[in-house]
Amino acid sequence: TLLKLWTVNTRFVFIYTVRQFLTEIRSFDQEYPGGVREYIRKCRDLLDKSSKGVNPFDGWTPSVLFLFSFHIGSANDDVEFNTTEYHQLEKEGLEELTHCGFILIAGGLGERLGYHGIKVGLPIETFSYLTYLNWYIKKILAIQHRSKDPNCHLPFAIMTSENNNEMYFYSSSFIAEGELSQEQNYFGMPPDQVYVTMQNCIPAVRNIQGEIACDPSGHIIRKPHGHGDIHLCLYRVRSFRIAHRKDKIIDQWVEKYDLNRIIFFQDTNTMSFHTMPSVIAISTRNNAHMVSTCVKRRPHEQVFTLLFFFT
């Protein structure tokens, strides 16, 4: 009955709005593991538990993670910074780093800092205005140069997001945006070593029933997802690469590079490169599947920390 009262223009807008919604929801259904049904099921489950005050950690007890001990000489010791043992770890790790791939998690913007470009476009110092991204690439190339293999090439992947992906390529500004434009020649790194994969935003929901939120034009309102998306992005078929070839990044790396490990680091954390050699040596000595690095937390300090949960 309502449709009979609508003008031609209104019907056109309605059809366009529905088409827009169906196109976007179909695309998300194909990308999300389990599709839209699984996403809605998770949303409803989490929102229901949240509304009832359910604590997901009930029954679990947190504990401080244990420190690694290393067999050095004839004793097991905790290694202190700037000691002979520490420098030995660095020496071992520098060689192992030449068999690592590097992945930068960089889907955010610098809005909280009063900056509207990509965070890796910020300068790390104010003398030369060297940006984070430039600095990271210089470090990776320096590690590559140390390799005993003259043909060593280390891959570098970047996870962007829908909010900032275009800023990496399509702006001419050197400091703020367009950091990986071809005019900058990727800061000296060959383009075929640089891989970019875009993290998709996910649909927002309107209520506890998990109804998808849309704007008046039919576009789905989307929100950023977590850093854990990097694993999906690395393995999915439609991962985007600078060379515009839609191949799986991990499959390419296994086939093309001599890698033993992958290192993940965040967008504005230059300090991580200072600890990488020692961390890689620790990983090698312990044959560890995964090693995390963090700053030691003082009691009552309001910073994130790593915990071990047990029942």
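Quick note: residue numbers are just sequence positions, from 1.
The OG1 atom of Thr23 lies 10.0 Å from the NE2 atom of His219; values are rounded to the nearest 0.5 Å. In this structure, the separation between CG on Asp258 and SG on Cys152 is 8.0 Å, given to the nearest 0.5 Å. In this structure, CD1 in Ile140 is found 10.0 Å from CH2 in Trp135, a value given to the nearest 0.5 Å. To the nearest 0.5 Å, atoms NE2 (His153) and OG1 (Thr98) are separated by 13.0 Å. Residue Thr84 holds its OG1 atom at 11.0 Å from CG of Leu89, rounded to the nearest 0.5 Å. Rounding to the nearest 0.5 angstrom, the gap separating the OG atom in Ser50 from the CG atom in Asn55 is 11.0 Å.
Under the salt bridge (Lys or Arg N to Asp or Glu O under 4.0 Å) criterion, Glu96 pairs with Arg261, sequence neighbours left out. Shown here are the side chain to side chain donor-acceptor pair (under 3.5 Å) partners of Arg41, two or more places apart in sequence or in another chain: Glu38. For Asp149, there are no side chain to side chain donor-acceptor pair (under 3.5 Å) partners at least two apart in sequence or on another chain. Applying the salt bridge (Lys or Arg N to Asp or Glu O under 4.0 Å) criterion to Glu24, with sequence neighbours excluded, gives no partner residue. Every residue was checked against the side chain to side chain donor-acceptor pair (under 3.5 Å) condition with Gln30, not counting sequence neighbours, and none meets it. For Phe264, the ring pair (Phe, Tyr, Trp, His ring centres under 6.0 Å) partners two or more places apart in sequence, or in a different chain, are His231. Evaluation of the side chain to side chain donor-acceptor pair (under 3.5 Å) rule for Glu95 yields no partner, not counting sequence neighbours. The salt bridge (Lys or Arg N to Asp or Glu O under 4.0 Å) test applied to Asp251 returns no partner, not counting sequence neighbours. Here Lys52 pairs with Asp48 under the salt bridge (Lys or Arg N to Asp or Glu O under 4.0 Å) rule; sequence neighbours left out.
Remark: side-chain polar atoms of His99 are not paired, donor with acceptor, to backbone N or O of Leu259 under 3.5 angstrom. Within the 3.5 Å criterion, the main-chain N or O of Leu154 finds a donor-acceptor partner in the side chain of Gln144.
Applying the ring-ring contact (aromatic ring centres under 6.0 Å, His included) test to residues at least two apart or on different chains, the pairs with a partner in residues 41-64 are Phe57-Phe309.
Between Leu130 and Glu125, some side-chain heavy-atom pair lies under the 4.5 Å cut-off. Put simply, the side chain of Ile262 reaches to within 4.5 Å of the side chain of Ile103, judged on heavy atoms.
Contact detail for Ala106 and Val120: the closest heavy-atom pair is CB-CG1, 4.2 Å.
Taking the six-membered ring where tryptophan is involved, the planes of Trp253 and Tyr257 are perpendicular, since the angle between them exceeds 60° and thus also 30°. Taking the six-membered ring for Trp and thresholds of 30 and 60 degrees, Phe265 and Tyr136 have ring planes more than 60 degrees apart, a perpendicular arrangement.
Salt bridge status for Arg37 with Asp29: absent, with no side-chain N to carboxylate O gap under 4.0 Å.
In the hydrophobic cluster analysis, where Ile, Leu, Val, Met, Phe, Trp and Tyr join through side-chain heavy atoms closer than 4.5 angstrom, Ile221 is grouped apart from Leu47. Ile212 is not connected to Leu46 by any chain of hydrophobic side-chain contacts under 4.5 Å among Ile, Leu, Val, Met, Phe, Trp and Tyr, and they are in different clusters.
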Can you give the donor-acceptor pairs under 3.5 Å from side chains of residues 267-282 to other protein atoms, not counting sequence neighbours?
unit_1, atom_1, unit_2, atom_2, d
Asp267, OD2, Lys119, NZ, 3.4
Ser272, OG, Asn269, O, 2.8
Thr275, OG1, Ser272, O, 3.0

Scan the side chains in residues 201-211 for donor-acceptor partners under 3.5 Å anywhere in the protein, sequence neighbours excluded, and list what turns up.
unit_1, atom_1, unit_2, atom_2, d
Arg206, NH1, Glu211, OE1, 2.7
Asn207, OD1, Gln209, N, 3.1
Asn207, OD1, Gly210, N, 3.3
Asn207, OD1, Glu211, N, 3.3
Asn207, ND2, Glu211, OE1, 3.3

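Aromatic ring centroids of Phe102 and Phe156 lie 6.0 Å or more apart.
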### Task
Dump the intermediate steps for side-chain contact (heavy atoms from CB on, under 4.5 Å) on Lys256 and Asp192, then the final yes or no.
CA-CA 11 Å; Lys256 187 175 180 180; Asp192 62 354; 3.7 Å; yes

### Task
Evaluate the criterion side-chain contact (heavy atoms from CB on, under 4.5 Å) for residue pair Thr284 and Glu92; output intermediate values, then yes/no.
CA-CA 9 Å; Thr284 303; Glu92 293 176 20; over 6 Å; no

